[in-house]
2 protein chains.
Amino acid sequence: MALGDAILACLTERPMTGYELAKTFDSSIGFFWKADHQQIYRELSKLRDRGYIQGREVVQSGKPNKLVYTLTPEGRTALRHWAARPSTPASTKDDLLVRLHALDSIDIEPLRADLMARLEHHRDRHANYERILKKRFPDGTAEGQLDLGNLLLLRLGARHEQMVADFCEETLEALSAMSGKATVVPLEDGKRERKG
Amino acid sequence: MALGDAILACLTERPMTGYELAKTFDSSIGFFWKADHQQIYRELSKLRDRGYIQGREVVQSGKPNKLVYTLTPEGRTALRHWAARPSTPASTKDDLLVRLHALDSIDIEPLRADLMARLEHHRDRHANYERILKKRFPDGTAEGQLDLGNLLLLRLGARHEQMVADFCEETLEALSAMSGKATVVPLEDGKRERKG
DNA sequence: GGCGCATATGCGTCAATGTGCATATGAGGC
DNA sequence: GCCTCATATGCACATTGACGCATATGCGCC
């Protein structure tokens, strides 16, 4: 029950509705955990059945009534228990990497297009992380535990996106070099400077 | 059908049995795509039903007979079609990051232990990548497309593990600093040197 | 002789996830 | 009047994945 725990983790910050959670999973925590609203509503029902969260209906006019979920003491305990178990290192599972593994059996042009799209995507995400970092932590320090965790996460995210973007760039260059000559001399490792 | 395509990608290299594929998914391609043998056998049946691979039984004595699977022309075409579609950027989904997001609601000591275990894990993997790189690409260059793809993948893997290991280290330091004083001044970004 | 290990293939079940569809309504544009 | 968007919740179905279990045999260890 990993998504359930991610939801509990979100609710430690403040009570939220399923709709708000879906938006959260589309931005902040969603940078490293994707989930759409259907998944979230389903998981919320389970969590409520187990007594980990409590739903309070708020009557609204003009909109459907909303259900604001709050962590119960049991939910807090469950989260702490889950967090005390050793974590499982996740594997990457990226289509793009599988394709590179079979580079000699696929068409290069669509791959190149894909790499360019991915380069842009990861650059955008990197810029987004940096933007949030500057806004939330202008002096690069955190006060309190909650902030510290988020600062570290944002930095990791920024570095990760930077690295993948660099990788896309280098792969594109290596592909270009390859189409020129048969034998390839790709870039040496560690030569590229990381700016930003 | 992502696992299926990963299997097709593996079979471009050479014909293999389910058992060999399972081992492959435990080492080379397994660095960025995990799958156990049950999943692989099930997927092989599907691929065979679709005519993407062909099984040839090899009678053995002392061991159960083995089924060597070969890519069919249809399978090759299917792989090329799959590889020509835009790839979907994968999200990380790492328990550890979710825990850091709720840093103020969990126990620090188990987290610290977890971080230390993860640090060791990612260092091991990094060393493993570097070992393979030195062995397969002693002069840092690749000949042919297949090798180029694998060289790039190994470098990406090495860098990724290095980055995550650094992250674990920095987080541990930040946690230590936090337990000392209430307000935290974590390391500035980009100050750590990357060796190796 | 029994135990575990490597080889080799596979089934069954359940949890987790992804995709599409359904419902309800007010606000604002055409 | 109709369409779309934002808000707000949810079901149904299919795929994927994780985990345990089953079968069969030779080899080496104690």
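Side chains included, hydrogens not; waters and symmetry mates left out as well; all remaining heavy atoms used. Everything quoted here is computed from the prediction, not taken from an experiment. So that the names make sense, note that chain A is the first sequence line, chain B the second, and so on, each numbered from 1.
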Whole angstroms only, please: what is the [atom1]-[atom2] distance between [X] and [N]?
{"X": "B/M16", "N": "C/dT9", "atom1": "CE", "atom2": "C1'", "result": "17 Å"}
{"X": "B/D26", "N": "C/dA6", "atom1": "CG", "atom2": "P", "result": "12 Å"}
{"X": "B/W33", "N": "D/dA18", "atom1": "CH2", "atom2": "P", "result": "11 Å"}
{"X": "B/I40", "N": "C/dG10", "atom1": "CD1", "atom2": "C1'", "result": "13 Å"}
{"X": "B/D36", "N": "C/dT9", "atom1": "CG", "atom2": "P", "result": "15 Å"}
{"X": "A/D95", "N": "D/dT16", "atom1": "CG", "atom2": "P", "result": "12 Å"}

Below 4.0 Å: OP1/OP2 of D/dT15 and any side-chain N or O of B/K46
no

Does B/K23 put a side-chain nitrogen or oxygen below 4.0 Å from OP1 or OP2 of C/dA8?
no

Check this for me, if you would: do A/R99 and B/D5 make a salt bridge, where the nitrogen-to-carboxylate-oxygen distance has to be below 4.0 angstrom?
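Here A/R99 does not pair with B/D5 in a salt bridge, since their nearest N and O are not under 4.0 Å apart.
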
Who passes side chain to side chain contact (heavy atoms under 4.5 Å, CB included) against B/R118, sequence neighbours left out?
A/S87, A/P89, B/D94, B/L96, B/D114, B/H122, B/C168

Taking only residues two or more places apart in sequence, or in another chain, which ones meet A/T17 in a side chain to side chain contact (heavy atoms under 4.5 Å, CB included)?
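Residues passing side chain to side chain contact (heavy atoms under 4.5 Å, CB included) with A/T17: A/Y19, A/E20, A/K66, A/V68.
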
Interatomic spacing from OG1 in A/T72 to CG in A/L8 - rounded to 0.5 Å:
8.5 Å

Counting primed atoms, P, OP1 and OP2 as sugar-phosphate and everything else as base, the B/S/- map of nucleotides 9-14 of chain D against protein heavy atoms under 4.0 Å is BBB---

Please report the C-alpha distance between A/R80 and A/E74 in whole Å, then the side-chain angles of each, then the deciding distance to 0.1 Å, and finally whether the salt bridge (Lys or Arg N to Asp or Glu O under 4.0 Å) criterion is met.
CA-CA 10 Å; A/R80 279 184 49 223; A/E74 292 78 29; over 6 Å; no

Answer whether the closest heavy-atom distance between the side chains of A/R123 and A/E169 falls below 4.5 Å.
yes

Please check if the side chain of B/T141 supplies one atom and the backbone of B/F137 the other of a donor-acceptor pair under 3.5 Å.
no

Describe, as an angle rounded to 10 degrees, how the axis at the first end of the helix from C/dG1-D/dC30 to C/dC30-D/dG1 is tilted relative to the axis at the last end, five pairs per end.
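Rounded to the nearest 10 degrees, the bend comes out at 20°.
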
Residues forming a side-chain hydrogen bond (donor to acceptor under 3.5 Å, both in side chains) with B/Q54, sequence neighbours excluded
none

Could I get the full list of ring pair (Phe, Tyr, Trp, His ring centres under 6.0 Å) partners for A/Y129, not counting sequence neighbours?
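Partners of A/Y129 by the ring pair (Phe, Tyr, Trp, His ring centres under 6.0 Å) criterion, ordered by chain and then number, come out as A/F31.
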
